[in-house]
Amino acid sequence: MAVRDDEVDLLIDAWGQRLPDVDLTPLDVMSRLRRVAARLARLRAGAFRTARLAAWEFDVLAALRRADPPHQLAPAQLIERTMTSSAGMSARLASLMERGLIEREPNPNDGRSILVRITAEGATRVDIAMRELVRREEEALAGVSPRDRAELIRLLRLLMDVDEADAGDETG
C-alpha cells in the first residue's frame, strides 16, 4: 500500500527546492512531533474542560493528587513537578484556592512555609479530567497496534534522553 504525501512531506519538498544543499530529514520527525503535540494539546484541553479545568489547573491538581495522602506538597515541590516559575505558581495557587480546589496551611515542620493540599472538590475534578484524558488518548491511539505503541514509547524515550542531555549542556 502506497503512503500518500502529508503536509510534512509537502513542506520538506518545498524546502528541498529552496535549500537543495540542506539535509531536511530531521523535519520528518520534528515537524510531525510538533503537529502531534499541537493535536495532543487540543485533546488534553478538551478533556480538562469536561471537569471545568484549564491545563495549568490540571497540572497542579494532578501533582497534588499523585502525592501520597493527605495529597499535599510544599510550593517548591509543585514548582519542580509542574515546571512553573515561583511567581507563576503563587498566582496559580491563589486562583485554585479561590475556586475551592486547594487549601493552604502552615507547615508543621517549618513555621516559615506552607503546605498545599487538594480539596475533595479538587480531587473529584482532577479524577474526572484524568479519566476523560485516558479515554480520549486511547481513542486517538486506537489505530496503533500494541507492538507499534511499544516501539513508539521506546523511540520517544530515546529522544527525551537526548533532549535531557542537551539541557544540561551549557555550552550550546
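Heads up: numbering here begins at 1 and tracks the sequence.
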Distance check, rounded to the nearest 0.5 Å: I79 atom CD1 versus S85 atom OG? 7.5 Å
Any chance you could lay out the side-chain contact (heavy atoms from CB on, under 4.5 Å) test for D5 and D13, step after step, and finish with the verdict? CA-CA 10 Å; D5 282 353; D13 290 346; 4.0 Å; yes
Inter- and intrachain pairs under ring-ring contact (aromatic ring centres under 6.0 Å, His included), touching residues 56-77, at least two apart: F48-F58
Can you hop from L19 to L11 via hydrophobic side chains spaced under 4.5 Å? yes
CD of E103 to CG of L115, rounded to nearest 0.5 Å, is 11.5 Å
Qualifying residues under side chain to side chain donor-acceptor pair (under 3.5 Å), relative to E132, sequence neighbours excluded: R135, R136
Search all heavy atoms of G122 against all heavy atoms of L61 and return the closest pair with its distance. O-CD1, 4.2 Å
For atom CD of E98, decide whether the heavy atoms of other residues, nucleotides or ligands shown that lie under 6.0 angstrom number more than 12. no
How far apart are the C-alpha atoms of V116 and I102, what are their side-chain angles, what is the distance that settles it, and do they pass the side-chain contact (heavy atoms from CB on, under 4.5 Å) test? CA-CA 7 Å; V116 178; I102 62 162; 3.7 Å; yes
Determine yes or no for a side-chain-to-main-chain donor-acceptor pair under 3.5 angstrom, with Q17 supplying the side chain and A14 the backbone. no
Would R92 and L78 count as a side-chain contact (heavy atoms from CB on, under 4.5 Å) here? Give the steps. CA-CA 11 Å; R92 289 173 180 198; L78 285 168; over 6 Å; no
Carboxylate-amine/guanidinium proximity below 4.0 Å for D28 and R32: yes
In Å and rounded to the nearest 0.5 Å, what is the CD1 to CD distance from I114 to Q72? 10.5 Å
With the 4.5 Å side-chain cut-off for hydrophobic clustering, are L24 and M30 part of the same group? no
Where do R81 and A67 come nearest, in terms of heavy atoms and distance? NH1-CB, 4.5 Å
Got I153 and L156 here, is their nearest side-chain heavy-atom distance under 4.5 Å? no
For the pair E57 and R44, find out whether any cationic side-chain nitrogen is under 4.0 Å from an anionic carboxylate oxygen. no
Checking T84 side chain against M89 main chain: does a donor-acceptor pair fall under 3.5 Å? no
Does V134 belong to the same Ile/Leu/Val/Met/Phe/Trp/Tyr cluster as L43, with side-chain heavy atoms less than 4.5 Å apart forming each link? yes
Minimum heavy-atom separation for T119 and G100, please, with both atom names. OG1-O, 2.7 Å
For R149, does the CZ atom have more than 12 heavy-atom neighbours from other residues, nucleotides or ligands under 6.0 Å away? yes
Looking at every non-hydrogen atom in both residues, tell me the closest pair between T25 and D23 and how far apart they are. OG1-OD1, 2.8 Å
Does M130 share a hydrophobic cluster with L141, counting links as ILVMFWY side-chain heavy atoms below 4.5 Å and allowing steps through other members? no
With rounding to the nearest 0.5 Å, note down the distance linking CG in L101 to CG in L93. 11.5 Å
CD (E137) with more than 12 external heavy atoms under 6.0 Å: yes
With clusters defined by side-chain heavy atoms of hydrophobic residues (ILVMFWY) lying less than 4.5 Å apart, directly or transitively, does L33 cluster with L152? yes
Between the main-chain N or O of G46 and the side-chain N or O of T50, is there a donor-acceptor pair closer than 3.5 Å? no
Salt bridge R147-E151, side-chain N to carboxylate O under 4.0 Å: no
One should read off an interatomic distance between L133 CG and E138 CD, to the nearest 0.5 angstrom, of 11.5 Å
To the nearest 0.5 Å, tell me how far L73 CG sits from E80 CD. 10.0 Å
Are the side chain of D127 and the backbone of T124 linked by a donor-acceptor contact shorter than 3.5 Å? no
